[in-house]
J.: 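Below is one structure. I have some questions about it.
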Amino acid sequence: MAGSWDRARDSLSRAGRATAGAGRGTLRAGRTAAKKTAGASRTAARGTVRAGRGVRQATRRLTHAQGADRTGLGRLIELTAAHGAGDVLITVGLAGTLFFGLPVDQARGQVALYLLITMVPFTVVAPFVGPVLDRFRSGRRYVMAGTLFARGLLCWAMAAAIGPADGLTLFPAALAVLVLSKAYNVCRAATMPSVLPADITLVTANARVALFSLVSAGVAAPVAVGLTAWLGADWMLRGTMMIFLAAGVVAVGLPRHVDAPDLDFDEEEEEYEAGEGKGGRRQRWRTLLNVGPVVAEAMRGNAAIRLLSGFLLFFLLFLIQEGHLRGSGYPKEVMIAILAGGAGAGGLLGAVVASWVRGHSPQIIVLFALALATTTATVSAFFFSLWTALVVAVVAGFAQEVGKLALDAIVQREIGEEVRSSTFGVVEALLQIAWVGGGLAGLLLSLLSGRSAGPIGLAVIAVALVAALAWLIITRRRRLRAVSERIRAAKAAERNAPSPASAAANPQDPRPHAPKPYGDGARTDTAKPLTDTTKPLTNPHG
């Protein structure tokens with residue numbers, strides 16, 4: 001009996017030792033696996049950090065190239081990229097709310113109402129925000145920072161209003177966000193000449209800002225969709241608030257020369273005396289009638305392009321919904337995605353091409369963009385299908401981006417500091433009105449029944465574009481002819497004028513004296529400059 005107990009005890013002891021050995025082996029294997037996992041995690045983290053640092057350094061090299069780091073253009077590019085990403089996050093966050101949640105197949109009357117609502121921010125920007133920005137042009141950094149801070153706070157308010165569907169809070173806050181976004185764009189565009197490096201043209205600088213803004217918006221869109229699905233729209237908007245607050249801090253840190261010095265009363269009288277404020281009345285905002293022929297010409301060309309963009313958006317959308325887009329067997333959602341992607345790709349291509357432009361006149365660029373859009377729309381009216389509609393969408397996006405960048409450069413070059421923000425406010429309002437007008441025209445022409453609706457609608461908009469292009473070419477030729485005649489008259493007067501020595505010797509000489517050059521105090525009609533430039537660039541770093 002004792003031997004049996006001894007054998008059982010020995011068996012149990014051996015089993016215990018084996019179990020302990022197995023446990024120690026499992027523990028060692030677990031430690032080894034944990035070490036390997038931790039090492040892999042650290043390696044992946046270091047790789048991610050290095051990749052992020054590499055992307056940041058590459059981005060910094062691009063944004064700060066050609067002296068942009070010295071003048072402040074690089075910081076402005078990064079700030080505008082954050083601004084564009086924040087706008088996309090807000091749009092995605094509000095996509096399912098009562099403000100932006102209009103179904104595609106909703107009644108045309110409600111879509112038209114939405115179009116009219118989008119004009120509200122621009123009716124505020126043009127007559128009110130622009131002059132206010134001109135009054136505070138010595139504090140542009142703080143104005144831009146204020147718009148960013150305010151949008152951050154509005155994001156928090158909209159996040160709180162999404163849950164209970166508080167339309168009384170959500171609707172005004174969304175409109176205020178649109179107004180502040182346009183106010184930032186106006187102030188940023190007016191600031192561009194102050195940060196322009198010597199080796200970069202205005203068109204190229206504007207294109208570089210637009211390009212990085214589009215890229216950041218494209219990266220932020222899928223991130224916003226994922227965050228909204230994971231956390232909800234309210235928490236995504238709260239995160240967007242932090243982006244705007246951080247961007248506001250960056251805006252305050254922009255270089256001081258971003259703020260244009262205020263003119264004293266005598267200098268403002270000098271600026272406005274030549275037909276724009278006689279008798280001491282100072283003009284505080286611009287209209288289409290007094291921006292000058294060069295700016296007005298570029299504005300009209302861009303308005304025609306925006307008319308086409310608004311028309312295509314709603315016209316093609318309703319054609320797809322009603323099944324009148326021939327030559328396509330794709331689902332409606334796929335066709336809409338194809339056309340939307342084409343328009344976005346065209347805009348991105350326009351920013352890239354404009355950033356490479358060297359030595360080309362912005363006025364010629366606007367005419368080229370309008371001519372390209374007109375030709376494409378005319379040809380597509382005869383060969384209308386899904387793929388020709390895609391070509392028109394790509395060209396319209398390209399022309400809109402290139403034309404707007406050229407228009408910004410023209411305003412920045414031709415308009416002085418004292419009314420530049422007001423002029424940009426008028427530009428934004430006019431372009432939005434043209435876009436809404438095109439959208440309403442697209443709604444009306446989409447009422448045409450049958451498969452002939454597409455060719456007829458494109459033919460109508462093509463005729464309107466041809467008329468606009470012809471009018472611009474005719475007015476441009478007249479303007480250039482008048483400028484040439486003025487130059488010849490001035491040269492003839494200079495040749496016929498007596499020299500200073502002969503004039504002193506013979507004061508009775510009936511020939512007219514040579515006009516004094518502009519800038520020495522002379523204020524006669526012959527002493528005015530022959531160009532449309534109202535103020536030269538005064539960038540201290542250019």
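The structure displayed is predicted, hence computed values, not measured ones.
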J.: Can you give the donor-acceptor pairs under 3.5 Å from side chains of residues 307-319 to other protein atoms, not counting sequence neighbours?
T.:
unit_1, atom_1, unit_2, atom_2, d
Ser309, OG, Ile305, O, 3.3
Ser309, OG, Gln400, OE1, 2.7

J.: Looking at side-chain heavy atoms only, is the closest gap between Val366 and Leu370 below 4.5 Å?
T.: no
J.: Would you say that Val209 contacts Arg188 through its side chain, given a criterion of any heavy-atom pair below 4.5 Å between the two side chains?
T.: yes
J.: Step by step, would you call Val250 with Glu78 a side-chain contact (heavy atoms from CB on, under 4.5 Å)?
T.: CA-CA 9 Å; Val250 174; Glu78 296 169 351; over 6 Å; no
J.: Closer than 3.5 angstrom, by distance alone: can the side chain of Thr376 be matched with the main-chain N or O of Ala373 as a donor-acceptor pair?
T.: no
J.: Do the side chains of Ile200 and Pro197 get nearer than 4.5 Å, heavy atoms only?
T.: yes
J.: Are Leu348 and Val215 side-chain neighbours, meaning at least one heavy-atom pair lies under 4.5 Å?
T.: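 Result yes, sub-4.5 Å side-chain heavy-atom pair found.
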J.: Determine, stepwise, if the pair Phe424 / Val411 fulfils side-chain contact (heavy atoms from CB on, under 4.5 Å).
T.: CA-CA 8 Å; Phe424 273 113; Val411 174; 3.6 Å; yes
J.: Sequence neighbours left out, what passes side chain to side chain donor-acceptor pair (under 3.5 Å) with Arg238? Give chain and number order.
T.: none
J.: Looking at Thr375 and Leu372, would you say the former's side chain and the latter's main chain have a donor-acceptor pair under 3.5 Å?
T.: no
J.: Tell me every residue that passes side chain to side chain donor-acceptor pair (under 3.5 Å) with Asp408, counting only those two or more places apart in sequence or in another chain.
T.: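 Once residues adjacent in sequence are excluded, the partners of Asp408 under the side chain to side chain donor-acceptor pair (under 3.5 Å) criterion are Lys404.
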J.: Side chains of Val426 and Ser422: closer than 4.5 Å at any heavy-atom pair?
T.: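 No, their side chains stay 4.5 Å or more apart.
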J.: For Met241, give me all partners under side chain to side chain contact (heavy atoms under 4.5 Å, CB included), at least two apart in sequence or on another chain.
T.: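 Met241 satisfies side chain to side chain contact (heavy atoms under 4.5 Å, CB included) with Cys155, Trp156, Leu245 once adjacent residues are dropped.
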J.: Got a sec, which residues hit ring pair (Phe, Tyr, Trp, His ring centres under 6.0 Å) with Tyr184, two or more places apart in sequence or on another chain?
T.: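 Checked Tyr184 against ring pair (Phe, Tyr, Trp, His ring centres under 6.0 Å); matches are His83.
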J.: So Leu154 and Leu180, do their side chains get closer than 4.5 Å, heavy atoms only?
T.: yes
J.: Does a donor on one side chain and an acceptor on the other come within less than 3.5 Å for Thr204 and Thr201?
T.: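 A donor-acceptor contact under 3.5 Å links the two side chains.
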J.: Do the non-hydrogen side-chain atoms of Leu440 and Val436 ever get within less than 4.5 Å of each other?
T.: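 Counting from C-beta outward, Leu440 and Val436 do come under 4.5 Å.
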J.: Side chains of residues 221-234: which donor-acceptor partners sit under 3.5 Å, not counting sequence neighbours?
T.:
unit_1, atom_1, unit_2, atom_2, d
Thr228, OG1, Ala224, O, 2.7

J.: Between Ile364 and Arg476, is there a side-chain heavy-atom distance shorter than 4.5 Å?
T.: yes
J.: For the pair Leu94 and Ile162, evaluate side-chain contact (heavy atoms from CB on, under 4.5 Å) and give the outcome as yes or no after the intermediate values.
T.: CA-CA 8 Å; Leu94 297 179; Ile162 284 180; 4.2 Å; yes
J.: If a pair satisfies salt bridge (charged side-chain N to carboxylate O under 4.0 Å, His left out) and one of its residues is in residues 143-154, list it, with sequence neighbours excluded.
T.: Asp87-Arg151
J.: Under the rule for side chain to side chain donor-acceptor pair (under 3.5 Å), what residues qualify as partners of Arg75, not counting sequence neighbours?
T.: none
J.: Tell me every residue that passes side chain to side chain contact (heavy atoms under 4.5 Å, CB included) with Val249, counting only those two or more places apart in sequence or in another chain.
T.: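 Counting only residues at least two positions away or on another chain, Val249 forms a side chain to side chain contact (heavy atoms under 4.5 Å, CB included) with Phe149.
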J.: Just to verify, what does Val143 make a side chain to side chain contact (heavy atoms under 4.5 Å, CB included) with, not counting sequence neighbours?
T.: Leu133, Phe136, Cys187
J.: Sequence neighbours left out, what passes side chain to side chain contact (heavy atoms under 4.5 Å, CB included) with Ala462? Give chain and number order.
T.: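 If we apply the side chain to side chain contact (heavy atoms under 4.5 Å, CB included) test to Ala462, skipping adjacent residues, the hits are Ala377, Thr378.
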J.: Step by step, would you call Glu401 with Val353 a side-chain contact (heavy atoms from CB on, under 4.5 Å)?
T.: CA-CA 10 Å; Glu401 189 67 27; Val353 171; over 6 Å; no
J.: Under the rule for side chain to side chain donor-acceptor pair (under 3.5 Å), what residues qualify as partners of Gln363, not counting sequence neighbours?
T.: Ser361
